[in-house]
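Note sheet for the following structure.
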Amino acid sequence: MEPLKEVSGRAIPFGRKNVDTDVIIPAKWLKTITREGMGRGAFETLREDPDNLFDSAEFKGSPILIAGDNFGCGSSREHAAWALLDLGITAVIAPSFSDIFSGNAFKNGILTVVLPQEAVDRLMEVAQTDPITIDLEHQVVTTPFQDRFTFEIDPFRKHCLLNGLDEVGLTLARGDAIAAYENKASGELSWLARPQGVQAA
């Protein structure tokens with residue numbers, strides 16, 4: 001997972017409420033076990049409209065998605081996060097998220113930013129013409145027009161995102177401690193491996 005300190009660029013002014021994971025990535029895409037190419041299925045039904053935002057020249061490849069309330073509701077498919085990443089989205093701003101989607105997004109290196117509806121409405125307006133910047137370290141979203149919206153984030157999630165640590169990375173970071181524990185445990189339990197009646201040297 002790549003470290004994520006700042007996300008800056010055009011934001012897709014999507015804004016739709018109650019977008020479930022089946023809209024983000026239809027069920028037929030769940031058969032794959034690889035993340036590569038999942039972006040082709042992201043918002044597939046909506047992208048059947050030739051005038052959709054995701055494929056427009058103006059917003060294609062944008063790193064930020066602005067969504068409506070309760071984004072990512074529905075079934076708990078991690079493929080939704082995979083699809084967003086493969087589409088180029090590394091941050092989503094919304095008034096609220098499904099807890100399961102938010103967890104899956106975090107585990108895959110996507111920053112979910114919760115802001116009041118008024119702030120989201122303002123960012124939707126700015127996104128029509130100008131870029132937006134999300135500064136994770138200082139927990140603030142800014143625009144070229146001096147808008148400044150602070151947001152809260154769990155300290156553990158912030159640490160992991162800033163340092164590019166997924167679950168595997170967190171485990172590897174504790175490698176020395178794990179090895180020390182295993183060595184200590186194997187010494188304490190070595191008697192279990194000895195045949196009955198055999199004394200330790």
Side-chain angles (χ1 to χ4, degrees), residues 1-12 14-27 29-30 32-39 41-43 54 61-117 119-120 123 127 132-142 149-175 178:
M1 194 164 86
E2 294 296 320
L4 190 155
K5 301 182 187 304
E6 180 180 286
V7 184
S8 186
R10 294 299 299 275
I12 302 171
F14 184 44
R16 186 176 297 191
K17 298 181 179 180
N18 301 312
V19 173
D20 65 35
T21 51
D22 193 54
V23 173
I24 299 172
I25 185 71
W29 288 85
L30 305 189
T32 181
I33 58 172
T34 178
R35 305 180 188 194
E36 294 180 9
M38 292 292 290
F43 302 102
F54 300 97
S62 295
I64 303 169
L65 174 68
I66 304 176
D69 198 36
N70 197 28
F71 185 78
C73 56
S75 63
S76 56
R77 57 187 70 168
E78 189 173 11
H79 294 68
W82 296 358
L84 291 177
L85 276 176
D86 201 53
L87 194 63
I89 294 170
T90 53
V92 184
I93 300 171
S96 70
F97 295 89
S98 156
D99 286 343
I100 294 176
F101 170 81
S102 182
N104 284 335
F106 155 66
K107 290 178 181 179
N108 285 277
I110 297 174
L111 172 61
T112 54
V113 176
V114 175
L115 289 175
Q117 186 64 57
V120 172
L123 292 174
I132 289 169
T133 297
I134 305 172
D135 181 341
L136 174 57
E137 186 173 3
H138 298 98
Q139 297 177 213
V140 63
V141 181
T142 58
F149 305 110
T150 58
F151 62 91
E152 297 298 319
I153 185 171
D154 175 80
F156 173 73
R157 289 189 174 186
K158 178 179 179 179
H159 169 77
C160 290
L161 290 170
L162 285 173
N163 293 281
L165 295 172
D166 57 13
E167 290 173 331
V168 174
L170 283 168
T171 303
L172 292 174
R174 300 286 295 168
I178 293 170

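This structure is a prediction, so every number in the text was calculated from the model and none was measured.
- The shortest heavy-atom contact between S8 and P63 is O-CG, 3.8 Å.
- Taking 4.5 Å as the limit, some side-chain heavy atom of I24 sits within range of a side-chain heavy atom of V19.
- Of all non-hydrogen atoms in A11 and A127, the two that sit nearest each other are O-CB, 3.4 Å.
- Looking at every heavy atom in both residues, I110 comes nearest to A81 through CD1-O, 3.5 Å.
- Summarising the geometry, atom CG belonging to L84 is positioned 13.0 Å from atom NE2 belonging to H79; distances are rounded to the nearest 0.5 Å.
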Steps toward side chain to side chain contact (heavy atoms under 4.5 Å, CB included) verdict (L115, V141): CA-CA 9 Å; L115 289 175; V141 181; 4.2 Å; yes
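- The shortest side-chain heavy-atom distance between L111 and T90 does not fall under the 4.5 Å cut-off.
- By the 6.0 Å contact criterion, NZ on K17 is open, its count of non-hydrogen atoms from other residues, nucleotides or ligands being 12 or less.
- L4 and G109 make their closest contact through CD1-O, 3.4 Å (heavy atoms, listed as atom of the first residue, atom of the second, distance).
- The shortest distance between side-chain heavy atoms of T133 and V7 does not fall below 4.5 Å.
- For the pair I12 and I66, the minimum side-chain heavy-atom distance is 4.5 Å or more.
- I64 is not listed as a side-chain neighbour of R10, based on a closest heavy-atom distance of 4.5 Å or more.
- By the 4.5 Å heavy-atom criterion applied to side chains, M1 and K107 are not counted as neighbours.
- When only modelled atom types and interatomic distance are considered, S96 and D69 share a side-chain donor-acceptor pair under 3.5 Å.
- Residues F71 and T112 fail the side-chain proximity criterion, which asks for heavy atoms closer than 4.5 Å.
- Closest heavy-atom contact between G41 and P26: O-CD, 3.2 Å.
- By the neighbour-count criterion of 12 heavy atoms within 6.0 Å, atom CG of N18 is densely surrounded, having more than that number from other residues, nucleotides or ligands.
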Could you go step by step and tell me if F151 and V114 meet the side chain to side chain contact (heavy atoms under 4.5 Å, CB included) rule? CA-CA 6 Å; F151 62 91; V114 175; over 6 Å; no
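- In terms of modelled atom types and a separation under 3.5 Å, the side chain of K5 and the main chain of E137 share no donor-acceptor contact.
- In this structure, F97 and F101 have parallel ring planes: the angle between them is below the 30° cut-off, well short of the 60° mark.
- Atoms CD1 and CG, from I93 and L123 in turn, are 5.0 Å apart once rounded to the nearest 0.5 Å.
- Within 6.0 Å of CG in L30 there are more than 12 heavy atoms belonging to other residues, nucleotides or ligands.
- For the pair G72 and T21, the tightest heavy-atom approach, listed with the atom from each and the gap, is O-CG2, 3.7 Å.
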Run the side chain to side chain contact (heavy atoms under 4.5 Å, CB included) check on L87 and F43 step by step: do they pass? CA-CA 10 Å; L87 194 63; F43 302 102; 4.2 Å; yes
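- Under a 3.5 Å cut-off, the side chain of N163 and the backbone N or O of L165 do not form any donor-acceptor pair.
- Note that CZ of F54 is 6.0 Å distant from CD1 of I89, once rounded to the nearest 0.5 Å.
- Side chain of D154 to main chain of R157: a donor-acceptor pair is present (N/O by atom type, distance under 3.5 Å, no hydrogens or angles).
- Once rounded to the nearest 0.5 Å, the distance linking NE2 of H138 with OG1 of T150 reads 13.0 Å.
- Note: N104 CG to S76 OG = 7.0 Å, rounded to the nearest 0.5 Å.
- Without hydrogens or angle criteria, D20 side chain to G74 main chain gives no donor-acceptor distance under 3.5 Å.
- D22 has a carboxylate O that lies under 4.0 Å from a charged side-chain N of R77, or vice versa, which qualifies the two as a salt bridge.
- Atom CZ in F156 sits 5.0 Å away from atom CZ in F106 (nearest 0.5 Å).
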Taking it one step at a time, do N108 and E78 satisfy side chain to side chain contact (heavy atoms under 4.5 Å, CB included)? CA-CA 9 Å; N108 285 277; E78 189 173 11; 2.9 Å; yes
